[in-house]
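Reviewing the structure listed below.
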Amino acid sequence: MDLNLLEKISDFEWRIPKHGKMRVPGIIFASEELILNMDMKVYEQVTNVAALPGIVQGSYAMPDAHWGYGFPIGGVAAFDPDNEGVVSAGGVGFDISCGVRLLSTGFKREEFEPYKEQLADALFAHIPAGVGSKSRINLTMKQMDDMLHGGAVWAVKQGYGEWDDLERIEDNGRVEGALPEHVSEHAKKRQKNEMGTLGSGNHYLEIQEVQTIYCEKTAAAFGLAQGDVVVSIHCGSRGLGHQIGTDYLRSMLIYAQEHGIQLIDRELACAPIRSPMGERYLGAMRSGINCALANREIITHFMREVFQNEMPGTQIKLIYDVSHNTCKEETHQVEDKTMRLFVHRKGATRAFGPGHPQLTKAFSHVGQPVIIGGSMGTASYVLVGVASAEHKSFGSACHGAGRAMSRHQATKQWRGSEIIERLAQQGILIRSSSYRGVAEEAPEAYKNVDFVVDSAQASGLTQKVAKLKPIVCVKG
DNA sequence: ATGTAC
């Protein structure tokens, strides 16, 4: 991206001044180096989003931003429902409520070391992963609707997961306002036997070691100490979310045509929040969120079964579960006004600071855990929400490393088998059904997650708590 | 991300 197009606010905050059809400025939170390496497409997409009806305050890009469908991945935008505000399927993303959860195993690295090979094999055997992976759970259409209403709460009621998990999931494991009747039959059929599956792409289940602690007090509040063995699960709403995105993108395009709405980019198809189309999408999207929350809960259950078999007596506790592809109705302060807004976070994590009324008791005094999934074989981070993010980004932070290179380009440059061998030499075990998938996820195909997280902290969006180093990675 | 193109 050309720095000459931006106004520098600080070393880590840059403004795209309002021009053309923009209703608000664009703001990119990143170091000069990250911005120089960002695609011009990010500039275009942040600018296009700024022109959507009802957008409030700014169109934001996080330090991990890259080119996405319509909205950039790493994009945050909030809309006023009472002033023409819209909801956009491309603004949520196709993998609705894709997210990461972090769990503690109670083991230290030295205790775990002798078990790592057998755990890697058992997890890979027990948890379905890869393109089109199928589950041993097969839901009826009635059960699908119950799941879409109930999210992780439904999963726990079915015997997958533990009751104590729920208060450690965003929205306590289930969002209100899901309307499964607005999810197509086709979407539900695709998902019937995909509950508890990892999927492919950048999704994974990883066993990690807490390598560095940046803030002892917050780490202790989260239940993390140096040398602890933890598990991260990164996945979303699988075929269901994707089908909802596909269905509503088409419907929103037709809606725009019928209502004479001019779209700068067809990929930004959207509908007013206060319209039948907007309400139907929101109801379907919330069903997608519940599906992803249930999916991560079921995968957690399968993972706990594996630990129970291989290391009997293990108690695995959920630390937190965040989503990073959502649109949520939230209360925010805009200048001196309190507003109800619909906040799109696409490849961006909610990051509420201490004292935020939506946080559960466990985190109300310390701030929300923000879990950053790094790329395969590289570090992940645990961050904490800070109050300053509230007025900067509607309480949002980055979500991962962010791609630096397309999947196609990555497969031309690396071979999966070589990457697995190289990581094995570093003591990192990869288990995957697809060499091509591994090549697409080569560490070098991503931005440096350290730089992304440092930028997020320096720009006042979040604070570092801990750095996690991979030990075992089960990939799709 | 995705039954990696209806």
Whole Å only: how far is the [atom1] atom of [X] from the [atom2] atom of [N]?
X: Tyr248(A); N: dT2(B); atom1: OH; atom2: C1'; answer: 19 Å
X: Leu198(A); N: dT2(B); atom1: CG; atom2: P; answer: 10 Å
X: Arg407(A); N: dT2(B); atom1: CZ; atom2: P; answer: 9 Å
X: Glu194(A); N: dT4(B); atom1: CD; atom2: P; answer: 11 Å
X: Arg436(A); N: dT4(B); atom1: CZ; atom2: P; answer: 10 Å
X: Lys475(A); N: dT4(B); atom1: NZ; atom2: P; answer: 18 Å
X: Gln243(A); N: dA5(B); atom1: CD; atom2: C1'; answer: 14 Å
X: His408(A); N: dT4(B); atom1: NE2; atom2: C1'; answer: 13 Å

Name all residues meeting the salt bridge (Lys or Arg N to Asp or Glu O under 4.0 Å) criterion together with Asp165(A); count only those two or more places apart in sequence or in a different chain, and write none if there are none. Arg304(A)
Would one find a side-chain N or O of Arg238(A) under 4.0 angstrom from OP1 or OP2 of dT2(B)? yes
Tell me whether the side-chain N/O atoms of Ser200(A) come closer than 4.0 Å to OP1 or OP2 in dT4(B). no
Taken in chain and number order and not counting sequence neighbours, the residues that satisfy side-chain hydrogen bond (donor to acceptor under 3.5 Å, both in side chains) with Lys467(A) are Asp450(A)
Contact class for [X] vs. all strands (heavy atom < 4.0 Å): base, sugar-phosphate, or nothing?
X: Ser237(A); value: nothing
X: His186(A); value: base
X: Gln191(A); value: nothing

Of Arg403(A) and Glu440(A), the one whose closest nucleotide on DNA chain B sits nearer the 5' end is Arg403(A)
Check whether the ring centres of Phe342(A) and Phe79(A) lie less than 6.0 Å apart, and answer yes or no. no
Please determine if Arg403(A) and Glu441(A) form a salt bridge, counting it only when a charged side-chain N lies under 4.0 Å from a carboxylate O. yes
Indicate whether the side chain of Gln243(A) and that of Ser184(A) have a donor and an acceptor atom separated by less than 3.5 Å. no
